[in-house]
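The next block holds one structure in the form of structure tokens; read it before the comments.
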Amino acid sequence: LPFLEHAVELDPNFAMGYRELGNEYGGLGEVGRAAEYFTKAFQLREHASEREKLLISANYYQTVTGQLDKAAQAYQEMIDNYPRDPTGYFNLSEVCTPQGLYEKALELTRQTQQMVPGRIALYENLGNILLALQRLDDSRKAITEAEARKLDDYLLHSQLYALGFLAQDAAAMQQQLQWFAAHPGVNTYGLSLASDTEAYAGRLSKARDLTKQSVDSAVRADSKENGAIWWENAAIREAAFGNPAESQQAAAEGLKLDAASQGVGIEAAIAYAMAGDSAPAEAAAQDLNKRYPYDTQMQSLWLPAIQAQLALNRKDPSAALRALQPASPPIEYGLTQFAANISCLYPTYIRGEAYLAAGQGSQAAAEFQKILDHSGVVWSCWTGALAKLGVARANAMEARNSQGAVADAARSRALTAYQSFLTLWKDADPDIPIYKSAKAELAKLQWRTLTASNPLLPITCP
């Protein structure tokens with residue numbers, strides 16, 4: 001970064017210098033700063049070569065306006081015009097991942113790898129793509145190959161942490177946290193992952209402490225946008241766990257750090273909506289729609305998710321389900337820029353909640369099951385834990401709405417899912433509202449199951 005900054009000082013019209021600055025900040029998770037430099041490069045693109053113009057334009061559409069179709073078109077033009085240049089193939093793969101087109105991204109990354117086998121970014125992308133495809137062994141092999149080439153970066157260690165989490169290997173996870181602790185510039189990511197993991201198991205007080213540490217670490221590393229993201233992650237989590245006041249406070253803290261960031265704005269809006277504070281959520285949604293009218297993920301995922309949650313706040317699940325209809329399945333699983341993992345699948349979770357509110361148990365169960373089936377995307381995000389509870393609630397609803405063998409089967413599935421969730425949360429903080437609700441719901445379901453099989457028992461629910 002210092003060399004690039006000096007380069008644009010020497011030549012203020014150096015378009016590719018600004019482009020490279022944007023690329024570096026993007027790699028550090030500072031998406032807002034990256035967008036500023038990509039915009040400057042785009043404004044100066046007439047000073048660049050034809051090939052550089054294509055690259056600068058594609059970066060601008062990809063990161064600033066979010067027009068993934070235009071970015072893909074520009075990268076494809078690069079491939080057509082410069083077939084021996086790996087840049088077009090690699091960057092097109094990075095346009096595929098936020099759209100959830102992981103198979104195509106894998107193919108393009110492999111093509112790039114044949115041209116330039118030693119680039120660390122290739123292995124980072126491979127690790128994430130293979131995780132998203134649930135090819136966990138292949139993901140580990142890609143990271144091992146990078147290590148054999150003496151390539152090292154925080155994203156590879158994030159992926160190793162995820163693989164340890166998915167394998168329930170506490171020692172492997174701790175090993176990665178030790179690596180992060182030894183690298184203060186990126187330790188914020190390790191602390192955020194650890195915070196997610198504690199919350200996944202219901203240890204919310206520990207998660208809160210780690211969130212604060214991750215924010216402090218980000219601020220020390222001059223990465224306020226990341227710190228703000230961690231606050232907003234915590235805000236959404238608090239709302240989902242049933243703590244609206246804590247959610248609103250965390251959302252406000254994130255906005256204090258970086259109110260201009262797109263990711264911070266999205267997550268703050270979702271947090272306020274889930275906490276039942278509709279006014280700031282609606283205002284944020286209007287602002288985001290105005291600022292990003294052509295952004296692919298914004299228009300397909302985030303604004304529909306915010307509007308759906310606002311509809312649920314109005315007790316209108318039908319409107320919530322209508323709002324979330326436009327999202328196509330692949331993009332729903334796409335890579336997001338505002339998490340330490342690949343995605344928490346917030347729209348999927350909110351759709352599941354909408355089906356529950358609409359009394360459609362089987363449809364709700366299918367949505368929550370999608371989250372469980374995409375653990376390589378979700379990692380240790382809280383949605384992966386609460387999806388177990390969502391499946392339990394959905395099947396309990398189906399049991400109440402059915403009769404005979406269908407009801408019995410749904411009740412059995414519900415009991416299994418409740419027990420799975422409560423086993424996961426066996427060490428959870430006892431005062432978490434959703435935890436207390438889950439235990440009460442299981443007790444009632446067990447009593448209904450008992451009375452259904454023993455009709456002579458007194459009808460008194462404990």
Side-chain angles (χ1 to χ4, degrees), residues 1-99 105 108-109 111-112 115-116 118-125 128 153-155 185 222-226 258 260-263 291-292 294-298 335-338:
L1 283 171
F3 290 106
L4 290 169
E5 287 165 353
H6 186 49
V8 296
E9 286 174 4
L10 292 172
D11 181 2
N13 292 322
F14 185 18
M16 280 297 286
Y18 291 107
R19 184 266 171 187
E20 292 301 328
L21 277 165
N23 205 39
E24 292 300 322
Y25 275 115
L28 292 171
E30 288 284 299
V31 182
R33 283 188 184 178
E36 291 176 14
Y37 286 112
F38 285 138
T39 299
K40 185 71 173 176
F42 187 74
Q43 293 167 345
L44 295 170
R45 65 190 183 281
E46 293 307 317
H47 295 270
S49 70
E50 290 304 314
R51 173 189 168 279
E52 290 169 345
K53 283 180 188 176
L54 280 173
L55 182 58
I56 289 168
S57 297
N59 288 149
Y60 178 77
Y61 293 130
Q62 182 179 355
T63 304
V64 181
T65 67
Q67 293 169 278
L68 299 181
D69 55 342
K70 282 194 172 185
Q73 184 179 349
Y75 288 134
Q76 187 60 57
E77 192 173 343
M78 284 192 69
I79 293 171
D80 294 340
N81 293 346
Y82 311 99
R84 289 180 293 177
D85 183 347
T87 308
Y89 299 90
F90 177 76
N91 286 11
L92 183 55
S93 76
E94 292 202 315
V95 174
C96 290
T97 52
Q99 297 179 84
L108 288 161
T109 305
Q111 285 179 279
T112 314
M115 300 178 183
V116 281
R119 285 181 60 182
I120 189 169
L122 289 167
Y123 294 97
E124 293 168 347
N125 282 15
N128 267 348
D153 190 67
Y154 79 96
L155 289 174
D222 189 28
S223 184
K224 289 185 178 180
E225 184 173 12
N226 277 323
D258 192 343
S261 162
Q262 183 196 75
R291 288 165 60 197
Y292 305 101
Y294 308 113
D295 187 290
T296 305
Q297 280 197 343
M298 182 69 74
L335 175 73
T336 61
Q337 295 293 332
F338 43 84

Residues two or more places apart in sequence or in another chain: which of them pass ring pair (Phe, Tyr, Trp, His ring centres under 6.0 Å) with Tyr89?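 Partners of Tyr89 under the ring pair (Phe, Tyr, Trp, His ring centres under 6.0 Å) test: none.
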Where do [X] and [Y] come nearest, in terms of heavy atoms and distance?
{"X": "Val8", "Y": "Glu5", "value": "CG2-O, 3.2 Å"}
{"X": "Thr296", "Y": "Leu68", "value": "OG1-N, 3.1 Å"}
{"X": "Phe90", "Y": "Thr112", "value": "N-OG1, 3.3 Å"}
{"X": "Ala35", "Y": "Val64", "value": "O-CG2, 3.5 Å"}
{"X": "Glu225", "Y": "Arg33", "value": "OE1-N, 4.2 Å"}
{"X": "Arg51", "Y": "Thr87", "value": "NH2-OG1, 3.5 Å"}

Between Tyr25 and Leu1, is there a side-chain heavy-atom distance shorter than 4.5 Å? yes
Side chain proximity check, Ile56 to Leu44, heavy atoms < 4.5 angstrom: no
Output the distance between atom [atom1] ([X]) and atom [atom2] ([Y]), rounded to the nearest 0.5 Å.
{"X": "Thr109", "Y": "Arg119", "atom1": "OG1", "atom2": "CZ", "answer": "10.5 Å"}
{"X": "Asn125", "Y": "Cys96", "atom1": "CG", "atom2": "SG", "answer": "11.0 Å"}
{"X": "Gln262", "Y": "Tyr292", "atom1": "CD", "atom2": "OH", "answer": "4.5 Å"}
{"X": "Met78", "Y": "Asp80", "atom1": "CE", "atom2": "CG", "answer": "11.0 Å"}
{"X": "Ile79", "Y": "Gln111", "atom1": "CD1", "atom2": "CD", "answer": "7.0 Å"}
{"X": "Thr63", "Y": "Glu94", "atom1": "OG1", "atom2": "CD", "answer": "9.0 Å"}

Among side-chain atoms of Glu50 and Asn81, is any donor-acceptor pair under 3.5 angstrom?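 The answer is no; no qualifying pair exists.
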Could you check whether Tyr75 and Gln62, counting side-chain N and O atoms only, form a donor-acceptor pair closer than 3.5 Å?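 Tyr75 and Gln62 do have a side-chain donor-acceptor pair below 3.5 Å.
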Just by modelled atom types, is the Leu335 backbone N or O under 3.5 Å from a matching donor or acceptor in the Gln297 side chain? yes
Hey, is the main chain of Leu54 close enough, under 3.5 Å, to the side chain of Ser57 for a donor-acceptor pair? no
Under 3.5 Å, side-chain donor or acceptor atoms of residues 12-20 against the rest of the protein: list the pairs with distances, not counting sequence neighbours.
residue: Tyr18; atom: OH; partner: Pro12; partner atom: O; Å: 3.1
residue: Arg19; atom: NE; partner: Asn59; partner atom: OD1; Å: 2.6
residue: Arg19; atom: NH2; partner: Asn59; partner atom: OD1; Å: 3.4

Would you call Lys53-Glu46 a salt bridge at under 4.0 Å N-O?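 Salt bridge between Lys53 and Glu46, a charged N being under 4.0 Å from a carboxylate O: yes.
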With side chain to side chain contact (heavy atoms under 4.5 Å, CB included) as the criterion, how do Asn128 and Leu155 come out once you've worked through the C-alpha distance, each side chain's angles and the decisive distance to 0.1 Å? CA-CA 9 Å; Asn128 267 348; Leu155 289 174; 5.6 Å; no
Atom CD of Gln73: over 12 foreign heavy atoms under 6.0 Å: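 No, because the 6.0 Å sphere around CD of Gln73 holds 12 heavy atoms or fewer from other groups.
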